[in-house]
Amino acid sequence: QLQLVESGGGLVQAGGSLRLSCAASGRTFSPYAMAWFRQAPGKEREFVAGISWSGRGTNYADSVKGRFTISRENAKNTVYLQMSSLKPEDTAVYYCAGRSGATTYSDIASYQYWGQGTQVTVSS
């Protein structure tokens, strides 16, 4: 089992930046890929960014490419999402997700472990 706890959400003006963190505990000795998803009110949860176990492989949703950066520090069992040039449409609850295995994927069904989510609100 992997337990995930997000932090770093909040209220920010359009054009601003935020950094989300996701701390993992439990079965952290096994390889696991990580990702961030988000869910806006009335919408389905969607993939934002993913990172492989080594950190060398990353992928992003088109809507955040060039603005968001995912990274990880395995020594600290922590994954980050640096968000810049934020837009009101980025407003959502952001979820950290983990899956057993080294490779990251963009589909929700690939992830077995989920955090409780952190709210990000971008004002115009």
| Plane angle bin for Phe37 and Trp114 - parallel if under 30°, tilted between 30 and 60°, otherwise perpendicular | tilted

Nearest 0.5 Å, what's the [atom1]-[atom2] distance between [X] and [Y]?
| X | Y | atom1 | atom2 | result |
| --- | --- | --- | --- | --- |
| Ser100 | Gln1 | OG | CD | 9.0 Å |
| Gln119 | Thr91 | CD | OG1 | 7.0 Å |
| Glu46 | Ser106 | CD | OG | 11.5 Å |
| Thr104 | Arg99 | OG1 | CZ | 7.5 Å |
| Arg72 | Ser21 | CZ | OG | 13.5 Å |

Taking all atoms of both residues into account, what is the closest heavy-atom pair of [X] and [Y], and its distance?
| X | Y | result |
| --- | --- | --- |
| Ser110 | Tyr105 | OG-CB, 3.8 Å |
| Gln82 | Ser17 | NE2-CB, 4.0 Å |
| Ser124 | Pro88 | CB-CG, 3.8 Å |
| Arg38 | Ser63 | NH2-OG, 3.5 Å |

Using atom types as modelled and distance alone, determine if a side-chain donor or acceptor of [X] lies under 3.5 Å from a backbone N or O of [Y].
| X | Y | answer |
| --- | --- | --- |
| Gln39 | Ala92 | no |
| Arg45 | Val93 | no |
| Glu6 | Gly117 | yes |

Hey, what else clusters with Val5 if you join Ile, Leu, Val, Met, Phe, Trp, Tyr whenever side-chain heavy atoms sit under 4.5 Å?
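Other cluster members: none.
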
Besides Met83, the hydrophobic cluster formed by Ile, Leu, Val, Met, Phe, Trp and Tyr side chains linked at under 4.5 Å, directly or via other members, contains Leu2, Leu4, Val12, Leu18, Leu20, Tyr32, Met34, Trp36, Val48, Ile51, Trp53, Tyr60, Val64, Phe68, Ile70, Val79, Leu81, Leu86, Tyr94, Tyr113, Val120, Val122

| task | For the pair Asp90 and Lys87, evaluate salt bridge (charged side-chain N to carboxylate O under 4.0 Å, His left out) and give the outcome as yes or no after the intermediate values. | result | CA-CA 5 Å; Asp90 294 318; Lys87 305 174 182 180; over 6 Å; no

Quick check: are there more than 12 heavy atoms from other residues, nucleotides or ligands sitting under 6.0 Å from CD of Glu44?
-> no

